[in-house]
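Report on one structure; see the data block that follows.
Whatever order the structure lists them in is the order used to number ligands and atoms, beginning at 1.
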Amino acid sequence: MTRVPFGIRGTGSSVPEKILSNDDLSQLVETSDEWITQRTGIKERRILEEGRTTSDLCIDAARKALDAAQMNASELDLIILGTVTPDRHVSATACKIQKELGCGTIPAFDMAAGCTGFIYASSVASQFLGNGTYKNVLVIGAEALSRITNYRDRTSCILFGDGAGAVIYSTEFEHGEMLGSEIFGDGNGYDVMYQLAGASEMAITPEVLDANDHKLVIRGREVYKFAVGRMVELIRGQRDAHPELELGAVVPHQVNMRIIESACQKLDLPIDRLFLNIEKYGNTSAGSVPIALDEAIRSGFLDDKSGKLLVMCAFGAGLTWGSLGIRW
Ligand SMILES: CC(C)(COP(=O)(O)OP(=O)(O)OC[C@H]1O[C@@H](n2cnc3c(N)ncnc32)[C@H](O)[C@@H]1OP(=O)(O)O)[C@@H](O)C(=O)NCCC(=O)NCCS
């Protein structure tokens with residue numbers, strides 16, 4: 001079967017206005033701006049205001065992506081949202097987005113792949129686009145991690161922030177042809193990052209709330225090693241799959257500056273090929289890559305990369321990891 005070409009037609013992103021700085025965090029837990037900056041590269045992160053939801057960020061990001069694509073919502077054929085912090089477990093947040101955008105009765109669903117959520121969702125979208133089923137697919141990666149972050153745990157609360165990024169993939173496009181996606185999983189790492197209570201395994205009770213068992217737990221050091229290795233493999237994998245193209249840019253998961261630098265060293269990859277905004281937003285999980293992509297496009301970072309290879313990659317809870325190879 002011939003594969004239908006498709007690419008990126010428009011992007012958008014949305015972050016809350018409320019800022020939580022390293023100094024603010026040092027009022028909550030025993031930490032300092034110096035420690036957080038040195039160990040992670042993060043200076044501040046955005047926090048979703050009370051009364052707002054993940055879908056508010058998604059809808060804002062999606063509208064910006066539609067504007068950039070010069071499209072109406074009625075032209076979309078499918079919506080996929082990558083998130084582990086939906087508005088509610090039932091119903092899918094993607095359905096709320098579909099209604100608010102005014103898309104009609106197109107399919108809309110959520111996917112949970114941790115920080116790899118946007119890459120997984122893009123890979124699924126690619127199947128529908130590449131086989132000719134759909135022409136225009138909205139993929140969003142979004143998170144309100146502050147809602148499940150334990151602000152008594154200094155090893156994790158310093159890392160996370162909130163935000164959403166949206167991409168419209170279309171068979172009518174000028175830039176950003178999708179060349180291929182790779183996605184992976186390893187359930188042996190199921191307990192490396194988790195939220196214990198609030199689903200079928202453990203109900204939320206007063207004891208659970210006291211113990212903060214409804215909040216996110218990460219084994220940071222284990223994630224660290226996994227992340228460096230996977231980032232190297234993912235970028236190398238895309239580079240090897242497209243030897244005819246010069247590697248022009250990488251939009252990586254904004255996980256930790258040291259992880260990113262270490263992977264670049266192993267790959268002998270100049271750090272200035274990477275688009276980085278971790279300093280401003282921290283790790284926004286599934287929101288991380290599409291927010292960075294949108295900022296990379298709008299800031300002109302990709303302007304001189306036409307015809308070159310753009311790699312996006314992420315890794316996270318599951319464990320999951322994956323990459324997208326794009327001809328810019
Ligand atoms: C979490 C992370 C920043 C910790 O950095 P690290 O260099 O690995 O630090 P360590 O965990 O080895 O801790 C070093 C020391 O700093 C302390 N420490 C941890 N968090 C601290 C904080 N916020 N402020 C000050 N000290 C802190 C530890 O208690 C430890 O002290 P000890 O040596 O007396 O035991 C890093 O491991 C990381 O970024 N991991 C991956 C992030 C992640 O999981 N992302 C989500 C999924 S993609």
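- Residues Asn131 and Thr133 have side chains that bring a donor and an acceptor to within less than 3.5 angstrom of each other.
- Not a single heavy atom of Ile36 sits closer than 4.0 Å to an atom of ligand 1.
- Leu78 has its side chain within reach of Phe109: a pair of non-hydrogen atoms, C-beta onward, lies under 4.5 Å apart.
- The CZ atom of Phe160 sits 11.5 Å away from atom OG of Ser146, with the distance rounded to the nearest 0.5 Å.
- Asn136 and Glu75 share no donor-acceptor pair across their side chains, judged by distance under 3.5 Å alone.
- Counting only distance, with no hydrogens or angles, the side chain of Arg46 and the backbone of Gly161 share no donor-acceptor pair below 3.5 Å.
- Only the side chain of Arg258 comes within 4.0 Å of ligand 1, judged by heavy-atom distances.
- For Cys115, the heavy-atom gap to ligand 1 drops under 4.0 angstrom.
- Relative to atom 17 (C) of ligand 1, the option among Gln38, Arg154, Glu34 with the closest non-hydrogen atom is Arg154.
- Closest to atom 39 (O) of ligand 1, if we only count protein heavy atoms, is Asn256 ND2, 2.6 Å.
- For the residue pair Glu201/Tyr194, the side-chain donor-acceptor check at 3.5 Å is not satisfied.
- Of all the atoms in ligand 1, the ones that sit under 4.0 Å from a non-hydrogen atom of Phe315 are 48 (S).
- Atom 14 (C) of ligand 1 has its nearest heavy-atom neighbour, among Met193, Glu222, Arg39, Glu30, in Arg39.
- Taking all heavy atoms of Arg221, Met257, Arg230 into account, the minimum distance to atom 13 (O) of ligand 1 is reached by Arg221.
- In the model, Ser126 has no side-chain atom that pairs as donor or acceptor with a side-chain atom of Tyr169 under 3.5 Å.
- Of the protein's non-hydrogen atoms, Trp35 CZ2, 3.3 Å is the one closest to atom 16 (O) of ligand 1.
- Looking only at side-chain heavy atoms (C-beta outward), Lys96 and Gln98 stay at 4.5 Å or farther from each other.
- For atom 30 (C) of ligand 1, the nearest protein heavy atom is 4.0 Å or more away.
- Given atom 42 (C) of ligand 1, the protein heavy atom at minimum distance is Leu159 CD1, 3.8 Å.
- Distance alone, capped at 3.5 Å, is enough to place a donor-acceptor pair between the Glu143 side chain and the Thr85 backbone.
- Of all atoms in ligand 1, numbered sequentially from 1 with element shown, those under 4.0 Å from a heavy atom of Thr40 are 3 (C).
- Close approach of ligand 1 to Ile218 (heavy-atom distance below 4.0 Å) involves ligand atoms 43 (C), 44 (O).
- Shown here, atom 33 (O) of ligand 1 is out of close reach of the protein: none of its heavy atoms lies under 4.0 Å off.
- Side-chain contact between Leu319 and Met193 is present, with at least one heavy-atom pair separated by less than 4.5 Å.
- Within a 4.0 Å radius of atom 26 (N) of ligand 1, the protein has at least one heavy atom.
- Scanning the protein for heavy atoms near atom 43 (C) of ligand 1, the closest one is Val223 CG1, 3.6 Å.
- Neither the backbone nor the side chain of Val29 comes within 4.0 Å of ligand 1, counting heavy atoms alone.
- Screening Asn22, Asp162, Thr149 for a side chain to side chain donor-acceptor pair (under 3.5 Å) with Arg45, the sole residue that qualifies is Asn22.
- Annotation: atom 45 (N) of ligand 1 to nearest protein heavy atom, Asn283 ND2, 3.7 Å.
- No side-chain donor-acceptor contact under 3.5 Å links Glu172 and Ser170.
- Inter-residue side-chain proximity for Ile8 and Trp328 is flagged as met; some heavy-atom pair is nearer than 4.5 Å.
- Each of the following atoms of ligand 1 lies closer than 4.0 Å to a heavy atom of Ile158: 23 (N).
- Note: an N/O pair closer than 3.5 Å links Gly220 and ligand 1 by distance alone.
- The nearest protein atom to atom 24 (N) of ligand 1, hydrogens excluded, is given as Thr31 OG1, 2.7 Å; this is a heavy-atom distance.
- Of all the heavy atoms of Thr155, the ones lying under 4.0 Å from any atom of ligand 1 are found in both the backbone and the side chain.
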